[in-house]
There are 2 protein chains.
Amino acid sequence: MGRWEPDARERLVRAALDLFSEQGYENTAVAQIAERAGLTKSTFFRHFRDKREVLFGGQDVLAELMTGAIAGAPEDATPLDAVEAALVATAETFTEERRAHGPQRLAVIAGNDELRERSALKMVGFAVAMTDALKRRGVPELEAAVAAELGVLAFNHGYERWLPTGGDFAEVARRTFSEVREAVGKLVSCVGNPPGKSSVG
Amino acid sequence: MGRWEPDARERLVRAALDLFSEQGYENTAVAQIAERAGLTKSTFFRHFRDKREVLFGGQDVLAELMTGAIAGAPEDATPLDAVEAALVATAETFTEERRAHGPQRLAVIAGNDELRERSALKMVGFAVAMTDALKRRGVPELEAAVAAELGVLAFNHGYERWLPTGGDFAEVARRTFSEVREAVGKLVSCVGNPPGKSSVG
DNA sequence: GGAAGTGATGGGACTTGGTCTCATCAACCG
DNA sequence: CGGTTGATGAGACCAAGTCCCATCACTTCC
């Protein structure tokens, strides 16, 4: 594997994923990942900000798709409709190839604190991005924040639901988000809190 | 400052906070923090898992207060009521002394990625804790997750609102959470989505 | 009162993540 | 053919974090 083989980044990701699965994240040195990919530590850090980031590539693309969809949603769309559109807009990145190493990736992340930490930050990033996009539509601060948070929740649940079955993520996202909406409805219309007249307002 | 002065942990926290404010988080070495506290690097890592953690002490106590309040809420309390009780239950930790270095702490965290990452993880921890506590009350998975997420959102907003003014955090939490409830109500009762019959169900 | 034990600390070696700088090499271009 | 560009290799370097062992203050027990 020569110095100028193409797809250095992809090779690094695959090598990292394999090594993390084989021996655990903490027991794998960056130099080892680079070596398996036929590269060096220097090159690794040229492609990824740090060791964690090799598992979280392309998340900024997702955020851009979300904000773009919210900005481009019909003017009469409700905040929740806009958020739903944001989730649907990310479907194009959920390719079959991505699904292939999804479980492996999830397992590695679940087994390490640093990685769960990075994952949490990415989710916060999504929430902030959607909140800002909603605010630019004139949605009040707090409503925007709530809607965005619900969107992130649905996104995560949708992803976990999409992984085993595959298929069109847009559909899964719509279904999951409608369930979240339903859950919200049940929460606010609980006994003692009739809808329309909040008991705490 | 001798070897056996008391309050090593508190001294480390104060030294870290001051140094981070003076020269930035990244420009401050752990050895330097320890030195200012009259201790050594070894001792620092005996008190804190890593450099970040010196700014996030006591968050596990908060999670326990939250879960305890949810578990101990009246049987007929709605999920949202239980979450509100969880926020109120954390009030006892919001002392005036804690408020004193709150802004300093927030500023340091906001200025560094590693720290925002850790903060995000802590919030996810709260959400998971409250979700589990709600599920143990028989609340369905998704509703529990939504309610917990709303709680975390209110907690954060409440904290930022409490910092400048001080006073009883319980009151601030109640007020903030009621505003979140109101926001949720507006979201689900938007034009095109009459409450009671979801347009996407 | 001295000896043994306990728990927190000091100290230093060591690994690894991450940065930085400079040399190298392939491709492209005039 | 020579110069430029861009990605890589190589290695020094610093700081985070781990590990092991010695040290010291305090306690307990004989």
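- Straight-line distance from the CD atom of A:E35 to the C1' atom of C:dT16: 15 Å, rounded to whole Å.
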Would you check, one step at a time, whether the test side-chain contact (heavy atoms from CB on, under 4.5 Å) holds for B:R181 with B:E84? CA-CA 10 Å; B:R181 276 173 135 144; B:E84 182 173 326; 2.8 Å; yes
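- Distance, A:K41 NZ to C:dC22 C1': 16 Å, rounded to whole Å.
- Between D:dA16, C:dG11, D:dA10, one nucleotide has an atom nearer to the side chain of B:A29 than all others, and that is D:dA16.
- Put simply, A:T43 has no side-chain N or O that comes within less than 4.0 Å of OP1 or OP2 on D:dT8.
- C:dG18 atom P lies 8 Å from atom CZ of A:R118, rounded to whole Å.
- Checked against C:dG18, D:dC19, C:dT9, the side chain of B:R46 finds its nearest nucleotide in C:dT9.
- Listed by residue number, there are no residues of residues 108-116 of chain B with a heavy-atom contact under 4.0 Å to DNA chain C.
- Residue-to-nucleotide contacts include no donor-acceptor pair under 3.5 Å from the side chain of B:K51 to the base of D:dG17.
- Summarising the geometry, the separation between CZ on A:F45 and C1' on C:dT21 is reported as 16 Å, rounded to the nearest angstrom.
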Derivation of the side-chain contact (heavy atoms from CB on, under 4.5 Å) call for B:R174 and B:F169: CA-CA 9 Å; B:R174 264 188 289 261; B:F169 179 77; over 6 Å; no
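- The side-chain tip of A:R175 does not point at the ring of A:F177 from less than 6.0 angstrom away and within 45° of straight on.
- What separates CD of B:E26 from P of D:dC14 is a distance of 18 Å, to the nearest Å.
- When rounded to the nearest whole Å, the span between CG of A:L55 and C1' of C:dG17 equals 15 Å.
- Look at B:H47 and you won't find any side-chain N or O under 4.0 angstrom from OP1 or OP2 of C:dA8.
- Mapping A:A31 and A:S42 onto DNA chain C by nearest heavy atom places A:A31 at the nucleotide closer to the 5' end.
- If you measure from atom CD of A:Q32 to atom C1' of C:dT16, you get 12 Å, rounded to the nearest angstrom.
- Contacts of A:R99 classified as salt bridge (Lys or Arg N to Asp or Glu O under 4.0 Å), with partners at least two apart in sequence or in another chain: A:E96.
- With no hydrogens or angles considered, no side-chain donor-acceptor pair links A:D18 and A:S21 at under 3.5 Å.
- The distance between atom CG of A:D50 and atom P of C:dT16, rounded to the nearest whole Å, is 17 Å.
- For residues 13-37 of chain A, the pairs satisfying ring-ring contact (aromatic ring centres under 6.0 Å, His included) are A:F20-A:Y25, with sequence neighbours left out.
- Going from atom OG1 of A:T40 over to atom CD1 of A:I33 covers 12.5 Å, rounded to the nearest 0.5 Å.
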